[in-house]
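For reference, the structure is listed below as structure tokens.
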Amino acid sequence: MFGPKRHCVVVVGAQWGDEGKGKIVDVLAESADLVVRYQGGANAGHTVVKGDDEFILHQIPSGILHPKTRCVIGNGVVLDPETLLGEVEELEKRGVAVTGRLLISDRAHLVLPYHKLMDRAAERTQQIGTTGRGIGPAYEDKYGRRGVRVGDLHDLDRACKLVRDGAERANRWLGLLGDTERASADEYSRLLERLAPRLLPMAADVGRVTYDALRNGQHVLLEGAQGALLDVDHGTYPYVTSSNTTAGGASVGAGVGPTAIDGVLGVVKAYTTRVGNGPLPTEAAPDDEEKLRTIGDEFGATTGRPRRCGWFDAVVARYAVRINGLTDVAVTKLDVLDTIESLPICVGYELDGRPLDDMPSGTDTLARVKPVYEILEGWCRPTTAARRLADLPPHARAYLDRIEDLLQTPISFVSVGSRRDQIIRQ
């Protein structure tokens, strides 16, 4: 992806998240000087397998596993400081150097304990399918201009006042819901006092860091979380996350202008999954769904929840191509399909007997569509040892060719296993 004409590449999920972005970012980070996480929070979970070790990263960019790569958490992220520091400790315990290699935007907003109380209480009423990590309430405070930013920790008196006000608001809201849990302003103020000396040495103007890296001709990778269909504006609202997961969010969340970006890589699974509520037009029949879930180990890295599984949906992926401006596609988990004899690909929808070839904007409408399938022959042979397209069984290549044709976007990477080396590059 990187080269003389490509210095700044965005990696986005092109379905409903959980596409395997962590592995793809890890592969690309080997050639990157700087990796920037630009949105979301600890509700994301990127799994990377390095040798015999598995790392699950929630906030720290996957590039941290490459010793020469610097990592940055951008201003578009809502940062759970306790989770972050726990990740740092775990990585260093396992021999991954973090100190001096990780920077945090001083403009990033903090997820505080009262945000989590509010998130869990709201989920009991709304049943959106959130992770309960406080992401939505933290973004609400950000856009309500009452949030606490990393840079605010330089003035602890002011930061503690913001926290006290936030705890009072949370308690009023919890009381209205009839919830028995309560926020403790004093406890959270003491938490800030403990966090400040650990977070502030990592705080920086991340937009300037990224800008300087690009001016110096370095390679910068912008890493997103979740997927395009969970974007708060362009996803299956209201069953979405609370940030812009699409490539447009990368510019805002990293603090660089859009003209700096010269490549957008969309990651798709060779099938489709979704966590939580909301429409999934290609959801498989129970037996097929269980087979995909079991072989693909489709359980959330953050919550452990089983993922809903279905067949590849080209309508969803084409929509992601359009709204992200994808220049390239990475297909992951091709090996999960190795034992399946017939492989449906959704090439369009029908709604009330009328054909649709694009995503409807209304969630209720999407829930009513019927997928139109093409059935491709499976290859029923292992693909995990393939390192070139020529190594794949002919029917596996035909499957990828059909996806590429439907998306009108080149496939640049194919993942055939969880390990770093189980990748085909084109």
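Any value given below was found using the heavy atoms of this structure, including those in side chains, with hydrogens, waters and symmetry copies removed.
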Open item on the list: Can you see whether Asp328 engages Ser412 through a side-chain donor-acceptor pair at a distance of less than 3.5 angstrom?
Closed with: yes

- [ ] Flag the pair Val267 / Thr332 as yes when at least one side-chain heavy-atom distance between them is below 4.5 Å, and no otherwise.
- [x] yes

Task: Test item: Thr365 side-chain N/O and Pro360 main-chain N/O as donor-acceptor pair under 3.5 Å - done: no

- [ ] Check whether any side-chain heavy atom of Thr241 lies under 4.5 Å from a side-chain heavy atom of Tyr139, and answer yes or no.
- [x] no

TODO: Answer yes if the side chains of Tyr114 and Glu168 hold a donor-acceptor pair under 3.5 Å, and no otherwise.
DONE: no

- [ ] Look at atom CG of Asp357 and say whether more than 12 heavy atoms of other residues, nucleotides or ligands are closer to it than 6.0 Å.
- [x] no

Open item on the list: Between Asp338 and Thr383, do the side chains contain a donor N or O and an acceptor N or O under 3.5 Å apart?
Closed with: yes

Open item on the list: Under a 3.5 Å threshold, yes or no: a donor from one side chain and an acceptor from the other, between Glu87 and Thr83?
Closed with: no

Open item on the list: Tell me whether Gln422 contacts the main-chain N or O of Arg419 through its side chain, where contact means a donor paired with an acceptor under 3.5 Å.
Closed with: yes

Task: Straight-line distance of Gln39 CD to Glu223 CD, nearest 0.5 Å - done: 9.5 Å

- [ ] Ignoring hydrogens and angles, tell me if any N or O in the side chain of Asp152 forms a donor-acceptor pair with the backbone of Val148 under 3.5 Å.
- [x] no

Task: Asp26 (side chain) donor-acceptor with Gly22 (main chain) under 3.5 angstrom - done: no

TODO: Determine yes or no for a side-chain-to-main-chain donor-acceptor pair under 3.5 angstrom, with Asp33 supplying the side chain and His219 the backbone.
DONE: yes

Open item on the list: As a test of understanding, state which of Lys269, Arg305, Arg308 forms a side chain to side chain donor-acceptor pair (under 3.5 Å) with Glu298.
Closed with: Lys269

Open item on the list: Within the 4.5 Å heavy-atom criterion, are Gln426 and Ile411 side-chain neighbours or not?
Closed with: yes

TODO: Evaluate the side-chain proximity of Leu265 to Phe413: yes if any heavy-atom separation is below 4.5 Å, no if none is.
DONE: yes

Task: Neighbour count >12 (heavy atoms, 6.0 Å) for atom CZ, Arg182 - done: yes

Task: Check: Thr273 main-chain N/O paired with Gln15 side-chain donor or acceptor under 3.5 Å - done: no

Open item on the list: Contact between Val206 and Ile104 at the side-chain level, heavy atoms closer than 4.5 Å - yes or no?
Closed with: no

Task: Donor + acceptor pair across side chains of Tyr349, Asp313 (<3.5 Å) - done: yes

Task: Residue pair Lys333, Ser415: steps toward the side chain to side chain donor-acceptor pair (under 3.5 Å) verdict - done: CA-CA 6 Å; Lys333 291 201 165 186; Ser415 175; over 6 Å; no

- [ ] Start with the C-alpha distance between Glu193 and Tyr188, add both sets of side-chain angles, then the distance that settles side chain to side chain donor-acceptor pair (under 3.5 Å), and finish with yes or no.
- [x] CA-CA 9 Å; Glu193 292 170 1; Tyr188 305 157; over 6 Å; no

Open item on the list: Quick one about Thr409 and Arg318 (side-chain donor to acceptor, distance below 3.5 Å, no hydrogens or angles considered), yes or no?
Closed with: no

Open item on the list: Is any side-chain heavy atom of Arg274 closer than 4.5 Å to one of Arg307?
Closed with: no

Open item on the list: Using only atom types and a distance under 3.5 Å, with no angle test, would you say the side chain of Arg37 pairs donor to acceptor with the backbone of Ile60?
Closed with: no

TODO: Output yes when a side-chain donor or acceptor of Tyr319 lies under 3.5 Å from a complementary backbone atom of His234, and no otherwise.
DONE: yes

Task: Note, Arg6 side chain near Met1 side chain (heavy atom, < 4.5 Å) - done: yes

Task: Backbone of Gly147 reached by a side-chain donor or acceptor of Asp141 within 3.5 Å - done: no

TODO: Spell out, as yes or no, whether a donor-acceptor pair under 3.5 Å connects the side chain of Asn324 to the backbone of Thr246.
DONE: no

Open item on the list: A side-chain contact here means heavy atoms from C-beta on lying under 4.5 Å apart; do Val232 and Asn244 qualify?
Closed with: yes

Open item on the list: Counting only heavy atoms not in Arg94 (residues, nucleotides, ligands), do more than 12 fall under 6.0 Å from its CZ?
Closed with: yes

Open item on the list: Counting only heavy atoms not in Glu92 (residues, nucleotides, ligands), do more than 12 fall under 6.0 Å from its CD?
Closed with: yes

